[in-house]
Asker: 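Got a structure for you, written out below as structure tokens; questions coming shortly.
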2 protein chains.
Amino acid sequence: MTGGREGIRLRRSKQREVILEELRKLKTHPRSDELYTLVRQRLPHVSLGTVYRNLDRLQGEGTAVEIYCGDFVRYDGNVSPHDHFMCRVCRRVWDFDARHGDSPGVPAESENQAGFQVESQYTMFLGLCPDCAAS
Amino acid sequence: MTGGREGIRLRRSKQREVILEELRKLKTHPRSDELYTLVRQRLPHVSLGTVYRNLDRLQGEGTAVEIYCGDFVRYDGNVSPHDHFMCRVCRRVWDFDARHGDSPGVPAESENQAGFQVESQYTMFLGLCPDCAAS
DNA sequence: TTAAGTGCAAATAGTTTGCCAGAGT
DNA sequence: ACTCTGGCAAACTATTTGCACTTAA
């Protein structure tokens, strides 16, 4: 198993490479349009559609993570399990460490609840960021 | 403090009442259009805009909770802290109990991280629901 | 050579909003 | 009466998609 779908030979592309590089550079969990602006500085002719198509593919491969923020989606190049804080005012997202030593929040024991197969999980903390709390 | 904004005298309305009743009847965390369909069975002339306006208001008052599912928002009439499971295939959402006795997932100790004020939190579990796992 | 990937623009779809009529206090 | 609230439809905006052209392999 290579992980790809049957019968489809995947190719690399400069665009996808740059998109992933720029995403990984950031700690800010950018929106698609923010990433689009950055990528365009290196590839002036990329289209927003290409950014969306590749982000969708990266997340399908497990190389990027989508963070749903209500009005839009933010992207995270850090795939390792970690949690997020979202400011209810400016809607920006930060990494947030709230895990205890004994893996809290893990589904009750080993078995899944009533046949639900948990593949991943995340905790979202909501509140005010330092900037918005100050104003 | 009544919780309302200054200078605005809030009124009750039949529409909002019915919307909240229908929302609370459900365990299914409906989308706006699903709720719209239900409410229209009791109030045939409600508009989708009214449903949105009232759901927004209910969540602003803390009477309902928005669950971001990517393409759309789901609503939950259960305001008490609890977690959710979302099926990655059908995108439906269920309540999910994964909390331990010692309040896991709470931000590190009493103080907030670097000035971030946590007001609420939730954990989302992602995976396959029994229905989609079977197919 | 061949089909995956892209650029572009138009289309989609969930949600929001302006406006005026209607209703709660 | 005063003004919050709703109905309706148009507007908005993030995202998706069709199509012809490029390009990796």
Side-chain angles (χ1 to χ4, degrees), chain A residues 2-20 22-23 29-37 39-61 63-75 86 91-93, chain B residues 2-23 29-37 39-61 63-75 91-93:
Chain A
T2 59
R5 283 161 295 174
E6 295 294 328
I8 296 182
R9 201 170 325 171
L10 299 175
R11 297 174 185 172
R12 51 177 290 288
S13 81
K14 188 64 185 170
Q15 287 87 339
R16 184 162 50 257
E17 225 158 59
V18 172
I19 288 168
L20 184 55
E22 291 301 317
L23 177 60
H29 312 85
R31 293 180 260 118
S32 54
D33 62 293
E34 295 171 330
L35 207 45
Y36 173 55
T37 301
V39 172
R40 236 185 347 181
Q41 291 174 12
R42 293 174 57 184
L43 303 173
H45 294 292
V46 274
S47 67
L48 188 52
T50 293
V51 172
Y52 273 109
R53 265 186 293 235
N54 279 298
L55 285 171
D56 179 58
R57 176 162 156 181
L58 289 170
Q59 88 94 29
E61 295 174 354
T63 312
V65 172
E66 293 181 340
I67 306 170
Y68 305 141
C69 298
D71 295 342
F72 44 78
V73 177
R74 287 184 177 278
Y75 296 88
M86 179 162 78
R91 294 269 200 183
R92 284 181 296 175
V93 172
Chain B
T2 58
R5 284 162 293 174
E6 295 295 328
I8 296 182
R9 202 167 326 169
L10 299 176
R11 297 174 186 170
R12 51 180 292 287
S13 80
K14 187 65 185 171
Q15 287 87 340
R16 184 161 52 259
E17 223 159 62
V18 171
I19 288 168
L20 183 55
E21 281 177 20
E22 291 300 318
L23 177 60
H29 312 85
R31 294 181 258 116
S32 54
D33 63 292
E34 295 172 329
L35 207 45
Y36 174 53
T37 302
V39 172
R40 237 188 342 183
Q41 292 174 13
R42 295 175 55 185
L43 303 173
H45 294 291
V46 275
S47 67
L48 188 51
T50 293
V51 172
Y52 274 110
R53 263 187 294 235
N54 280 298
L55 285 171
D56 179 58
R57 175 163 158 182
L58 289 170
Q59 87 94 29
E61 295 172 353
T63 312
V65 172
E66 294 181 339
I67 306 170
Y68 304 141
C69 298
D71 296 341
F72 44 79
V73 177
R74 287 183 177 277
Y75 296 87
R91 295 269 202 183
R92 282 181 296 174
V93 171

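Every chain is numbered from 1 and lettered A, B, ... according to where its sequence line falls, protein lines coming before strand lines.
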Asker: Can you tell me if A/S47 touches the phosphate of C/dA9, counting only side-chain N or O atoms and a distance under 4.0 Å to OP1 or OP2?
Answerer: no
Asker: Report yes if some heavy atom in the side chain of A/R12 is under 4.5 Å from a heavy atom in the side chain of A/E17; otherwise report no.
Answerer: yes
Asker: Taking all non-hydrogen atoms of both residues, which atom of B/Y36 and which atom of B/V51 are closest, and how far apart?
Answerer: CD1-CG2, 3.9 Å
Asker: Is there a side chain to side chain contact (heavy atoms under 4.5 Å, CB included) between A/L43 and A/Q15 once you walk through the steps?
Answerer: CA-CA 8 Å; A/L43 303 173; A/Q15 287 87 339; 4.0 Å; yes
Asker: Side-chain contact, heavy-atom cut-off 4.5 Å: B/R92 with B/R74?
Answerer: yes
Asker: Would you list the pairs meeting salt bridge (Lys or Arg N to Asp or Glu O under 4.0 Å) in which at least one residue belongs to residues 39-55 of chain B, sequence neighbours left out?
Answerer: B/E21-B/R42, B/E22-B/R42
Asker: Using whole Å, report how far CZ of A/R91 lies from C1' of C/dT15.
Answerer: 12 Å
Asker: Which atom names give the shortest non-hydrogen contact between A/L48 and A/D33, and what distance separates them?
Answerer: CD1-CA, 4.5 Å
Asker: When the distance from CD of B/Q59 to P of C/dT15 is rounded to whole Å, what number comes out?
Answerer: 13 Å
Asker: Could you work out, with side-chain contact (heavy atoms from CB on, under 4.5 Å) as the rule, every residue matching A/L20, not counting sequence neighbours?
Answerer: A/R24, A/L58, A/T63
Asker: Between atom CD in A/Q15 and atom P in C/dC8, what is the gap in whole Å?
Answerer: 11 Å
Asker: Heavy atoms, side chains only, cut-off 4.5 Å: are A/M86 and B/Y68 in contact?
Answerer: yes
Asker: Do B/Y75 and B/H29 make a side-chain contact, defined as non-hydrogen atoms from C-beta onward lying under 4.5 Å apart?
Answerer: no
Asker: Separation of A/L43 atom CG from D/dT22 atom C1', in whole Å?
Answerer: 14 Å
Asker: Just how far is it from atom OG1 of A/T37 to atom CZ of A/R31, taken to the nearest 0.5 Å?
Answerer: 9.0 Å
Asker: To the closest 0.5 Å, what do you measure between CG (A/L23) and OG (A/S32)?
Answerer: 11.5 Å
Asker: At 4.0 Å (heavy atoms only), tell me whether B/D33 reaches a base, stays on the sugar-phosphate, or touches nothing.
Answerer: nothing
Asker: Please report, rounded to the nearest Å, how far the P atom of D/dA24 is from the CG atom of A/N54.
Answerer: 14 Å
Asker: Residues from residues 66-75 of chain A sitting under 4.0 Å of DNA chain D, heavy atoms only?
Answerer: A/D71, A/F72, A/V73
Asker: Roughly what angle, to 10°, lies between the helix axis at the start of the helix from C/dT1-D/dA25 to C/dT25-D/dA1 and the one at its end, five pairs per end?
Answerer: 40°
Asker: How close or far is atom P of C/dT6 from atom CG of A/L55, stated in whole angstroms?
Answerer: 11 Å
Asker: Find out whether A/R57 and A/L10 are in side-chain contact, i.e. whether some heavy atom of one side chain is under 4.5 Å from a heavy atom of the other.
Answerer: yes
Asker: Are B/T50 and B/R16 packed together at the side-chain level, in the sense that at least one heavy-atom pair is separated by less than 4.5 angstrom?
Answerer: no
Asker: Please tabulate, one pair per line, each protein N/O and nucleotide N/O from nucleotides 17-19 of chain C that are separated by under 3.5 Å, including the distance.
Answerer:
unit_1: C/dG18; atom_1: O6; unit_2: B/R53; atom_2: NH1; d: 3.3

Asker: Are B/V73 and B/I67 side-chain neighbours, meaning at least one heavy-atom pair lies under 4.5 Å?
Answerer: no
Asker: Report the distance from atom OH of B/Y36 to atom C1' of C/dT16, rounded to the nearest whole Å.
Answerer: 15 Å
Asker: Would you mind building the protein contact string for nucleotides 20-25 of chain C? One character per nucleotide, 5' to 3', B for base within reach (heavy atoms under 4.0 Å), S for sugar-phosphate only, - for untouched.
Answerer: ---BBS
Asker: Mind calculating the distance between CG (B/L35) and C1' (C/dG14) to the nearest angstrom?
Answerer: 15 Å
